[in-house]
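Single-structure report; data block below.
Side chains included, hydrogens not; waters and symmetry mates left out as well; all remaining heavy atoms used. Every chain is numbered from 1 and lettered A, B, ... according to where its sequence line falls, protein lines coming before strand lines.
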Protein chains: 2
Amino acid sequence: MSRVVAERPDVIATLAEVFREHGYDGASLSLITEKTGLGKGSLYHFFPGGKEEMAEAVLGDIASWFQTNIFEPLRNGETPATAIDDMFAAVDSYFRQGRRLCLMGVIAASGAHDRFSVDLNRYFADWRTALAEALGRRGIPESERQALAEEVIGGIQGALILARSLGEAEAFGRVLTRLKARCHSSQT
Amino acid sequence: MSRVVAERPDVIATLAEVFREHGYDGASLSLITEKTGLGKGSLYHFFPGGKEEMAEAVLGDIASWFQTNIFEPLRNGETPATAIDDMFAAVDSYFRQGRRLCLMGVIAASGAHDRFSVDLNRYFADWRTALAEALGRRGIPESERQALAEEVIGGIQGALILARSLGEAEAFGRVLTRLKARCHSSQT
DNA sequence: ACATGATTGTACCAATCGGTAAACATTTTA
DNA sequence: TAAAATGTTTACCGATTGGTACAATCATGT
């Protein structure tokens with residue numbers, strides 16, 4: 001039962017943190033080796049495709065976390081209002097009150113963005129669809145849903161960058177509060 | 001009068017494009033050499049501090065462009081309402097209707113962000129201050145100004161990332177329109 | 001106890017990284 | 001027109017990059 005050696009899933013969380021902090025190009029193999037405590041041998045055993053496969057694995061992991069914890073509840077939550085509130089709470093906690101960047105955003109803003117365009121596209125498109133659907137059940141008119149969803153999702157991404165740049169993590173919470181209010185005031 | 005050889009300002013625009021497209025770490029000297037048409041010798045003649053000084057020069061250039069074309073009009077525009085409208089128009093054009101990323105955001109989301117934290121901080125703080133001031137003259141209450149300014153500036157950043165990730169440049173325009181409306185509906 | 005597969009450490013690779021040196025060409029100024 | 005700036009070319013540097021090969025080690029079911 002107890003395994004002294006590492007297993008692939010164990011590494012992914014650390015990999016995510018390295019990519020988040022240093023970007024795709026900035027995350028060198030030696031840095032990854034250092035932070036994970038795994039030598040190149042182990043790394044290439046788990047990820048034969050190298051750095052690209054490592055990033056792909058991390059992005060897949062994140063995508064499925066959001067699918068389970070954010071998108072799914074938005075689509076099937078008891079009441080849409082609480083589902084939306086839950087989304088904001090989960091987002092605030094996931095991004096550590098504005099102290100943690102979104103790896104999807106980090107990759108999107110990097111030179112490696114075209115290498116992972118499929119993952120990026122699916123992540124944002126799924127989020128937009130799920131949120132728009134919840135907004136629809138909340139009574140937001142068809143014509144408004146998608147645009148409001150885009151405003152909210154983009155707003156979250158931007159608030160993370162803003163908070164980091166200003167060195168004011170609290171700015172993230174302030175924006176989040178406003179975006180949540182948008183979702184609750186039916187019109188506009 | 002006519003100069004065959006290059007001058008420092010000529011290079012900066014090209015450098016900006018390279019950093020924007022490939023990020024700080026992704027913009028290798030050989031790539032910069034290729035895109036600018038300048039050899040390492042010329043590059044290091046203009047920027048003795050190397051890559052870091054190149055990026056610093058580009059960020060300074062961008063900062064002063066925004067200072068002149070966005071922040072200053074916000075502070076001293078005839079009427080605050082048109083100053084704000086002008087800001088949105090200038091932003092839409094500067095970011096090529098969502099097809100161009102913000103280099104400040106790109107750097108902020110990269111591993112090199114702490115190397116340029118001063119520039120990033122000033123850029124976003126200045127923008128926030130200038131916009132909040134214009135919103136104040138527009139009648140937005142003191143308590144609202146800063147938060148709304150943060151929502152707008154963050155919203156712009158996020159919309160750029162969203163538009164690129166979705167492969168839908170138009171999403172940027174949609175968000176911009178909504179943010180502009182926020183600035184004009186006095187309350188909330 | 002032993003074979004087996006999963007995991008890891010070490011040494012190595014060519015290519016590229018950012019950066020330097022200095023001879024060379026071109027303009028500008030005096 | 002000569003000297004002094006200014007700009008350019010080329011060759012080179014050590015360090016680091018992502019990646020490979022493979023023998024050694026480990027945990028485990030039989």
What's the [atom1]-[atom2] distance between [X] and [N], to the nearest Å?
X: B/Leu29; N: C/dT20; atom1: CG; atom2: C1'; value: 12 Å
X: A/Phe47; N: D/dG18; atom1: CZ; atom2: C1'; value: 16 Å
X: A/Tyr44; N: D/dT20; atom1: OH; atom2: C1'; value: 9 Å
X: A/Asp25; N: C/dT16; atom1: CG; atom2: P; value: 15 Å
X: A/Phe46; N: D/dT20; atom1: CZ; atom2: C1'; value: 18 Å
X: B/Leu31; N: C/dC17; atom1: CG; atom2: C1'; value: 13 Å
X: B/Leu43; N: C/dC17; atom1: CG; atom2: P; value: 14 Å
X: B/Leu38; N: D/dT6; atom1: CG; atom2: P; value: 17 Å

**Prompt:** Taking for each residue the nucleotide of DNA chain C bearing the nearest heavy atom, is the 5' side occupied by A/Lys40 or by B/Tyr24?
**Reply:**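 Here A/Lys40 is the residue nearer the 5' end.
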**Which residue lies more 5' along DNA chain D, comparing B/Gly37 with A/Gly41 via nearest heavy atoms** =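 Whichever sits nearer the 5' end wins; that is B/Gly37.
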**Complete:** Of A/Glu52 and B/His45, the one whose nearest nucleotide on DNA chain D sits closer to the 5' end is B/His45
**Message:** With a 4.0 Å cutoff (strictly under), does any side-chain N or O of A/Ser30 reach OP1 or OP2 of D/dT17?
**Reply:** yes
**Asked** Counting only side-chain N and O atoms of A/Ser42, is one of them less than 4.0 Å from OP1 or OP2 of C/dT7?
**Response**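 No.
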**Asked** Would you call A/Glu150-B/Arg178 a salt bridge at under 4.0 Å N-O?
**Response**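 Looking at A/Glu150 and B/Arg178, the cut-off is not met.
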**salt bridge (charged side-chain N to carboxylate O under 4.0 Å, His left out) between A/Glu168 and A/Arg174, intermediate numbers included** = CA-CA 10 Å; A/Glu168 291 179 35; A/Arg174 288 194 290 267; 3.1 Å; yes
**Request:** Report the C-alpha distance between B/His184 and B/Asp85 in whole Å, list the side-chain angles of each, state the deciding distance to 0.1 Å, and finish with yes or no for side chain to side chain donor-acceptor pair (under 3.5 Å).
**Result:** CA-CA 9 Å; B/His184 288 327; B/Asp85 283 351; 2.6 Å; yes
**Request:** Check whether any side-chain N or O of A/Arg75 sits under 3.5 Å from a backbone N or O of A/Thr129 as a donor-acceptor pair, and report yes or no.
**Result:** no
